[in-house]
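One structure is given here, and the rest of the page talks about it.
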Amino acid sequence: MLLVFGLNLLALAAVCLSLSRHHRDLFGNAPSESRVRLLRLVALVDGALALAYSIHRVGIELGIVYWACLLMIGGAVLVLLLAWRPRWALPTAAAMPVIGGVLAVLG
């Protein structure tokens with residue numbers, strides 16, 4: 001389930017970066033329209049992959065519940081990272097799906 005958490009965290013980070021305030025805080029400038037569309041598409045794909053994997057692992061009933069819970073936890077982690085250490089948000093969001101994927105393959 002670490003993979004689902006990582007994909008949800010990455011999706012939420014992409015949504016946050018599509019907002020000009022967070023993009024400006026992390027990169028120093030507002031995102032272009034094409035970048036906003038790309039980030040929102042990435043967020044949609046990541047969220048859908050997380051939901052599909054969660055349903056695949058535990059079934060539709062519990063999969064949706066696990067996905068929603070991990071989405072909320074990912075949101076809380078991202079809020080804390082953006083408030084406490086904004087520069088850690090992107091590396092953490094990028095590393096979590098990789099770590100979760102490796103552990104999913106090994107386990």
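For this chain, numbers begin at 1 and follow the sequence in order. All figures in this text were calculated on a predicted structure; none of them were measured in a lab.
- The side chain to side chain donor-acceptor pair (under 3.5 Å) pairs that include a residue from residues 83-104 number zero, where partners must be two or more places apart or lie in different chains.
- Taking CE of Met1 as the reference point, atom CG of Asn8 lies at 10.5 Å (rounded to 0.5 Å).
- Tracing side-chain contacts under 4.5 Å through hydrophobic residues (I, L, V, M, F, W, Y), one never reaches Leu38 starting from Leu17; they form parts of separate clusters.
- Considering CG of Leu2 and CG of Leu103, their distance stands at 6.0 Å, rounded to 0.5 Å.
- Connection of Leu90 to Val42 is not established within any shared hydrophobic cluster, with ILVMFWY side chains joined at heavy-atom distances below 4.5 Å, either directly or through further cluster members.
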*Passes side-chain contact (heavy atoms from CB on, under 4.5 Å), Val15 versus Leu39? Steps please.*
CA-CA 6 Å; Val15 168; Leu39 287 168; over 6 Å; no
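- Applying the ring-ring contact (aromatic ring centres under 6.0 Å, His included) rule to His22 yields no partners; only residues at least two apart in sequence or on another chain are considered.
- No path of Ile, Leu, Val, Met, Phe, Trp and Tyr side chains, each step under 4.5 Å between heavy atoms, connects Leu19 with Leu41, placing them in separate hydrophobic clusters.
- The nearest pair of heavy atoms linking Pro31 to Ser20 is CD-CA, 3.7 Å.
- When all heavy atoms of Asp46 and Leu7 are compared, the closest pair comes out as CB-O, 3.7 Å.
- Atom CZ of Arg37 and atom OG of Ser32 lie 8.0 Å apart (nearest 0.5 Å).
- Ser54 contributes a side-chain N or O that, together with a main-chain N or O of Gly63, makes up a donor-acceptor pair within less than 3.5 Å.
- For the pair Leu10 and Met96, the minimum side-chain heavy-atom distance is 4.5 Å or more.
- Side-chain contact between Leu51 and Leu71 is absent, with no heavy-atom pair separated by less than 4.5 Å.
- Under a hydrophobic clustering in which Ile, Leu, Val, Met, Phe, Trp and Tyr are joined whenever their side-chain heavy atoms come within less than 4.5 Å, directly or via other members, Leu3 and Leu62 fall into the same cluster.
- Two residues are said to be in side-chain contact when any heavy atoms from C-beta on lie closer than 4.5 Å; Arg40 and Val36 meet this criterion.
- Annotation: ring-ring contact (aromatic ring centres under 6.0 Å, His included) contacts involving residues 24-72, sequence neighbours excluded, comprise His23-Phe27.
- The only member of Leu12, Leu82, Leu9 that meets side chain to side chain contact (heavy atoms under 4.5 Å, CB included) when paired with Val77 is Leu9.
- Grouping the Ile, Leu, Val, Met, Phe, Trp and Tyr side chains by contacts below 4.5 angstrom, directly or via other members, places Phe5 apart from Val98.
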